[in-house]
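Comments concern the structure below.
Chain naming here is simple, since letters A, B, ... match the order of the sequence lines and numbering starts at 1 in each.
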Amino acid sequence: MNQRRSRTKFTEDQLKILIKAFDQNPYPGYATKQRLALEVNTDESRIQIWFQNRRARHQCQKKSEPDEDLESGQDQDHSEEEIPSREDRRCRTSYSSSQLHILIEAFTNNPYPGIDTREQLAKEIGLPESRVQIWFQNRRSRFHVQRKREPDDQDSEQRQDQDQALWDEGVQDPTNRPTGCLCTSLDSG
DNA sequence: GCTAATCTAATCAGACACGGTCTGATTAGCCCATTAGC
């Protein structure tokens, strides 16, 4: 349960393509990511993750090698003016009430679904697994925020304590994510 | 050990209804996010 997706192993050729694209623009838009996905024969979401990780490593390297770029004259293209392309985002996914019903029910059962569960849900609602993953990320995030803002009434305090215990257990031990009922008024919509 | 996968938190931005809220998409992570497979 809660298993991870199996690791993607990029070939040398695939990496060449990705690295070249990264050097040109470390913040590719959706269209570019889709094109790259086709080119290296993988999913667009894997391309997104690869760029995320690459940027993180790149930042680390830049910190550990200060001013080297200036001397070598390399990597001048990764300067501050390169901001993510806001015009080239993926179009917003709009969920139907039945799709939301399925997702909310799944979230209530387990806010940290593994890859199998996510893929099953994706199949069920007819959307890519990556959208399910993002939906759960946003849902968890807003659940945390909402809980911090909850009114101070007694009942909700008690319920919060119970939920908090369940949630914290899972958060502290990633192998034991909470599966208890995490009721939330986020469902109001 | 390297790096793909995953996480939280913050932020941007579209949709709906007409100013603000909700929520999907994207990003950073800072003594340099953490976890875990190969």
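- With hydrogens and angles ignored, no donor-acceptor pair under 3.5 angstrom links the side chain of A/R55 to the base of B/dT27.
- Rounded to a whole Å, the CD1 atom of A/I115 is 11 Å from the C1' atom of B/dT6.
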> What's the verdict on side chain to side chain contact (heavy atoms under 4.5 Å, CB included) for A/V132 and A/E119, showing C-alpha distance, side-chain angles and the deciding distance?
Replying inline: CA-CA 8 Å; A/V132 174; A/E119 280 183 339; over 6 Å; no
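- The residue among A/E129 and A/K33 whose nearest nucleotide of DNA chain B is located toward the 5' end is A/E129.
- What you find for A/R131 and A/Y95 is that their closest heavy atoms are O-OH, 3.4 Å.
- The side chain of A/H144 approaches B/dA9 more closely than any other nucleotide in the set B/dA25, B/dA9, B/dT6.
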>> Applying side chain to side chain contact (heavy atoms under 4.5 Å, CB included) to A/I115 and A/E129, what does each step give before you reach the verdict?
In response: CA-CA 8 Å; A/I115 180 67; A/E129 178 272 332; 3.8 Å; yes
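- Across all strands shown, A/R54 has no heavy atoms under 4.0 Å from either base or sugar-phosphate atoms.
- Looking at A/R142, its side chain has no donor and acceptor atom pair within 3.5 Å of the base of B/dC22.
- A distance of about 29 Å separates the P atoms of B/dC38 and B/dA9, rounded to the whole Å.
- By the 4.5 Å heavy-atom criterion applied to side chains, A/F136 and A/L121 are counted as neighbours.
- Taking 4.0 angstrom as the limit, A/S94 places none of its side-chain polar atoms (N or O) nearer than this to OP1 or OP2 of B/dG24.
- For the pair A/L103 CG and B/dT23 C1', the interatomic distance rounds to 13 Å; values are reported in whole Å.
- Listed nucleotides B/dT27, B/dT6, B/dG24 differ in distance to A/R92; the shortest reach to its side chain belongs to B/dG24.
- Between A/Y95 and A/F136, the residue anchored closer to the 5' end of DNA chain B is A/F136, taking for each the nucleotide with the nearest heavy atom.
- Contact between the side-chain N/O atoms of A/R46 and the OP1/OP2 oxygens of B/dA5 is found at a separation under 4.0 Å.
- Look at the P atom in both B/dA33 and B/dA28: the space between them is 13 Å, to the nearest Å.
- Look at the P atom in both B/dT27 and B/dC32: the space between them is 24 Å, to the nearest Å.
- Side-chain atoms of A/L103 and A/I125, non-hydrogen and from C-beta on, do get closer than 4.5 Å to each other.
- For the pair A/N138 CG and B/dC7 C1', the computed distance is 13 Å after rounding to whole Å.
- Remark: A/S6 is not in phosphate contact with B/dA5, judged by side-chain N or O atoms under 4.0 Å from OP1 or OP2.
- Residue A/D88 contributes atom CG, which lies 18 Å from atom P of B/dC12 at whole-angstrom precision.
- Comparing B/dA10 with B/dC30, their P atoms are spaced 12 Å from each other, to the whole Å.
- Dashed line: the shortest gap from a side-chain N or O of A/R57 to OP1 or OP2 of B/dC32 is not under 4.0 Å.
- Comparing the same atom, P, in B/dG29 and in B/dT34 gives a spacing of 13 Å after rounding to whole Å.
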> How would DNA chain B look in dot-bracket form, 5' to 3', counting Watson-Crick and G-U wobble pairs with both distances under 3.5 Å and writing | for bases paired to another strand?
Replying inline: ((((((((((((((((...))))))))))...))))))
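- One can place CH2 of A/W50 at 14 Å from P of B/dA28, the figure rounded to the nearest angstrom.
- Put simply, A/L38 and A/L36 are part of two different groups of oily side chains (I, L, V, M, F, W, Y) that touch within less than 4.5 Å, one to the next.
- Residue A/Q14 qualifies as enclosed at atom CD: its count of foreign heavy atoms under 6.0 Å is above 12.
- Within the structure, a side-chain polar atom (N or O) of A/W135 is placed less than 4.0 Å from OP1 or OP2 of B/dG24.
- For the pair A/I47 CD1 and B/dT26 P, the interatomic distance rounds to 14 Å; values are reported in whole Å.
- When the C1' atom of B/dA9 is taken as reference, atom CZ of A/R139 falls 18 Å away, rounded to whole Å.
- Residue A/Q52 has no polar side-chain atom (N or O) positioned under 4.0 Å from OP1 or OP2 of B/dT26.
- Residue A/Y112 has a polar side-chain atom (N or O) positioned under 4.0 Å from OP1 or OP2 of B/dT8.
- In this structure, A/Q133 reaches the B/dT6 phosphate: one of its side-chain N or O atoms is under 4.0 Å from OP1 or OP2.
- Put simply, A/R131 has a side-chain N or O that comes within less than 4.0 Å of OP1 or OP2 on B/dA25.
- Rounded to a whole angstrom, the distance from the C1' atom of B/dC18 to that of B/dG14 is 15 Å.
- Side-chain contact annotation: A/T11 with A/D13, donor-acceptor N/O pair under 3.5 Å absent.
- Atom CZ of A/F143 is separated from atom P of B/dC22 by 16 Å (rounded to the nearest Å).
- Below the 3.5 angstrom threshold, one finds a donor paired with an acceptor across the side chain of A/R7 and the base of B/dT3.
- The C1' atoms of B/dA36 and B/dC31 are separated by 24 Å, rounded to the nearest whole Å.
- If you check every strand for non-hydrogen atoms under 4.0 Å, A/R5 touches sugar and phosphate atoms only.
- Here the shortest heavy-atom pairing between A/R89 and A/Y30 reads C-CB, 3.8 Å.
- The heavy-atom pair separating A/I19 from A/W50 by the smallest distance is N-CH2, 3.7 Å.
- The base of B/dG14 lies outside donor-acceptor range of the side chain of A/R90, with no N or O pair under 3.5 Å.
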